[in-house]
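Scroll down for the structure; my scribbles are underneath it.
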Amino acid sequence: MQLDKDQILSENKRAEQHHTDHFNFLSEQLDQQDKDVNAILRKLANFQVAIPSWALGAGGTRFGRFGFFGEPASLEQKIEDVGILHALTKTAGAVSLHIPWDIPQDYNAIKELANANNLVFDAVNSNTFQDQKDAKESYRFGSLSNLNASVREQAIQHNIDVINIGEKLGSKSLTVWLADGSNFAGQRNFQSALTHTENSLKSIYTALPEDWKMFIEYKPYEPNFYSTVIQDWGTSFMLANACGEKAYTLVDLGHHLPNTNIEQIVSTLMLKGKLGGFHFNDSKYGDDDSTVGSVKPYALFLIFNELVFGMENNPQNPDLAWMIDASHNIKDPLEDLLQSLEAIQEAYAKALLVDQEELQAAQSRNDVTLCQEILQNAYRTDVRPLLAKARMLSGGALDPLKTYRSLKVRESLIKERGMNSVATGL
């Protein structure tokens, strides 16, 4: 299924005058503040967020999964779903595949389908947190950190295989997330687990093509609840440094203990030139993988404030890879992703409104009150007319969610795929 441009244009015409009134009002306000509205619109239009192949079906918990009608039952259908998101938002122009859940059967056909939907392939993601069918070794007690060299070699080879798959698709990066850890005190020797992991990552790193990056993700707990081998950003940073200049830390918003200062982590990594990627979601307790911006929107804005500052002032840090990593337990996955994309763009736009020079001047005078006012004035600005304008100029929908429902996209997918289709990997 693909959305026709004329369908989106027709929906836009119904809301165009309402949008124009709101945009003109906001644009005049921003002009009075010496904000370059056109520059902001260009940055919003250029900001692309990858959609992971596993996020297009209904997620679940350790206790169960409630499927959603019309789920994509193949990689081809997943790409079509991302194409729908991109047609509506013009900011979801990349797909991030999870291997072995989504291995192409015909690489040329898959690339042609992606191109037809104006999509490219972002980071490829390896999976050593599950035992795969017909695998010789088990990851029950770890993969890259396992005491058994044969298990480590199998996990290393899997990552190399993922790199080879990514090369065929035009990807330029590999994301490694380890579930390795322990459930009970005394179960593992911390030093040997870390040493094995470092050596394994170095082996994978040597297989990276020259123009590739390796992203090392971290998580404080789950699925193991006593220890995790790569449990925090410092450990990831240390391992990235040990591997080499093409290895970076990947930050997932849900992979922190409650009240962790994520914006400080982001700032530090960019200063050191080692922030490689970013996974967006939201949480109340831990790795809840909720809709982006649904619980802590101000925290997301503060993180983006540091990201915007870093992108302008830290040339030592490479361009970042952006991706949503959320779980849609009871919502239409596409609607949830549309809401997440909107929240990301909103936080980004608000951060672009922060006058960094004024903020630094206030900081230099220790004017704590003014520092807070500068941030909160930007945060309180309703930037939605900017987002809508950027989408419309790129050929997207003024109101993606409303257009999605008006065009009855989910109903069309159910008619095409049926009521009982299940997304691969879930």
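Taking 4.0 Å as the cut-off between side-chain N and carboxylate O, Asp252 and Lys219 do not count as a salt-bridged pair. Between Arg405 and Glu11, none of the side-chain N atoms (NZ, or NE/NH1/NH2) sits under 4.0 Å from a carboxylate O, so this pair counts as no salt bridge.
Under the 4.5 Å side-chain criterion, counting only non-hydrogen atoms from C-beta, Tyr218 is in contact with Thr249. Put simply, the side chain of Glu222 does not reach to within 4.5 Å of the side chain of Thr228, judged on heavy atoms. Thr291 has its side chain out of reach of Asn281: every pair of non-hydrogen atoms, C-beta onward, lies at least 4.5 Å apart. For the pair Val251 and Trp233, the minimum side-chain heavy-atom distance is 4.5 Å or more. Residues Asn108 and Asp106 have side chains in contact (heavy-atom distance under 4.5 Å, counting atoms from C-beta outward). Considering only heavy atoms from C-beta on, Met214 comes within 4.5 Å of Cys243 through its side chain. Here the side chains of Leu147 and Phe141 are not in contact, with every heavy-atom distance at 4.5 Å or above.
Glu416 CD: more than 12 foreign heavy atoms inside a 6.0 Å radius. The number of heavy atoms from other shown groups lying within 6.0 Å of NZ (Lys272) does not exceed 12. Heavy atoms of other residues, nucleotides or ligands lying less than 6.0 angstrom from NZ of Lys111 number more than 12. For Asp319, the CG atom is loosely surrounded, since the number of other residues' heavy atoms within 6.0 Å does not exceed 12. More than 12 heavy-atom neighbours from other residues, nucleotides or ligands sit within 6.0 angstrom of CD on Gln187.
A search for side chain to side chain contact (heavy atoms under 4.5 Å, CB included) contacts involving Pro72 returns Leu56, Gln77, Lys78, Asp81, Arg417, Ala423, not counting sequence neighbours.
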Distance-only criterion, 3.5 Å: show the donor-acceptor pairs between side-chain atoms of residues 357-375 and protein atoms not counting sequence neighbours.
| residue | atom | partner | partner atom | Å |
| --- | --- | --- | --- | --- |
| Ser364 | OG | Ala361 | O | 2.6 |
| Arg365 | NH1 | Ala361 | O | 3.4 |
| Asp367 | OD1 | Leu370 | N | 3.1 |

Side-chain donor-acceptor pairs of residues 343-352 under 3.5 Å, sequence neighbours excluded:
| residue | atom | partner | partner atom | Å |
| --- | --- | --- | --- | --- |
| Gln345 | NE2 | Leu44 | O | 3.0 |
| Glu346 | OE2 | Lys350 | NZ | 3.2 |
| Lys350 | NZ | Tyr379 | O | 2.9 |

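Summarising the geometry of Asn224 relative to Gly181, their closest heavy-atom pair is ND2-N, 3.4 Å, with the distance given to 0.1 Å. Of all the heavy atoms in Tyr285 and Tyr221, the pair that sits closest is O-OH, 4.3 Å.
The aromatic rings of Phe47 and Trp322 are tilted relative to each other, their planes meeting at an angle between 30° and 60°. Ring geometry for Phe190 versus Tyr226: interplanar angle under 30°, hence parallel rather than tilted (30 to 60°). Classified by interplanar angle (parallel below 30°, tilted 30° to 60°, perpendicular above 60°), the ring pair Trp101/His98 is parallel.
A donor-acceptor contact shorter than 3.5 Å links the side chain of Asp180 to the backbone of Leu144. The backbone N or O of His328 sits nowhere less than 3.5 Å from a side-chain atom of Asp336 that would complete a donor-acceptor pair.
Side-chain contact, Asn125 with Ser96: a donor N or O sits under 3.5 Å from an acceptor N or O.
Once rounded to the nearest 0.5 Å, the distance linking OG1 of Thr268 with CD of Glu306 reads 9.0 Å.
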Evaluate Lys43 against Glu312 for salt bridge (charged side-chain N to carboxylate O under 4.0 Å, His left out), listing each step before the verdict.
CA-CA 12 Å; Lys43 289 182 178 181; Glu312 291 293 328; 3.4 Å; yes
Note to self: Quick one, Tyr298 with Phe301, criterion ring pair (Phe, Tyr, Trp, His ring centres under 6.0 Å). Give me CA distance, side-chain angles, the key distance, then yes/no.
What the structure shows: CA-CA 5 Å; Tyr298 190 62; Phe301 161 73; 5.7 Å; yes
